[in-house]
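One structure below.
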Amino acid sequence: MPLRLIGYWRNDRHPEYPDPHDMVDEAWHEDDRDAVSTYFSSGTYLRGFMGLSPCRFCGEDNGSSEFTDGVLARRPPAAGRARCPTNGPSPAWT
């Protein structure tokens, strides 16, 4: 079964990807947000890329690794959420 990609955001080469700004839910409870962030920060290393992924909110580098739980492939592992107080995507962020 192919892995489902999450954490890939709209850019010049992929305008079909979602815009993370559309996924912010200011009413999302902080405990739930932290639980999802913790989950996304865990996982098994899947692969690395030869370039850094910028946070789509503050522009800081998120890293270049992709992690998996066996179902999802995510890049980066929520590093931006842990660092950037402005990015609080809802559970639907994909």
Report yes if some heavy atom in the side chain of [X] is under 4.5 Å from a heavy atom in the side chain of [Y]; otherwise report no.
X: Leu5; Y: Glu66; answer: yes
X: Pro18; Y: Met23; answer: yes
X: Val36; Y: Trp28; answer: yes

Mind listing the closest non-hydrogen atom pair of Ser64 and Gly51 along with its distance?
->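 Taking Ser64 first and Gly51 second, the nearest heavy atoms are CB-O, 2.9 Å.
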Over all heavy atoms of both residues, which pair between His21 and Arg56 is shortest? Give the atoms and the distance, please.
->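 The answer is CE1-O, 3.1 Å.
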Under 3.5 Å: donor-acceptor pair, side chain of Arg4, backbone of Pro2 =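 Such a contact is absent between Arg4 side chain and Pro2 backbone.
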Determine yes or no for a side-chain-to-main-chain donor-acceptor pair under 3.5 angstrom, with Arg47 supplying the side chain and Phe67 the backbone.
->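 No, Arg47 side chain to Phe67 backbone: no donor-acceptor pair under 3.5 Å.
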Partners of [X] by side-chain hydrogen bond (donor to acceptor under 3.5 Å, both in side chains), sequence neighbours excluded?
X: Asn11; result: none
X: Arg10; result: none
X: Asp32; result: none

For the pair Tyr39 and Asp69, evaluate side chain to side chain contact (heavy atoms under 4.5 Å, CB included) and give the outcome as yes or no after the intermediate values.
-> CA-CA 9 Å; Tyr39 179 78; Asp69 62 0; 2.3 Å; yes
Should side-chain heavy atoms under 4.5 Å link Ile, Leu, Val, Met, Phe, Trp and Tyr, which residues sit in the same cluster as Leu3?
->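 Reading the cluster by chain and number, Leu3 sits alongside Leu46.
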Could I get the full list of ring-ring contact (aromatic ring centres under 6.0 Å, His included) partners for Tyr17, not counting sequence neighbours?
->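 With neighbours one apart ignored, the set is His14.
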Residues which pass ring-ring contact (aromatic ring centres under 6.0 Å, His included) with His29, listed by chain and number, not counting sequence neighbours =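 Testing His29 for ring-ring contact (aromatic ring centres under 6.0 Å, His included), a comparison that skips the adjacent residues, returns none.
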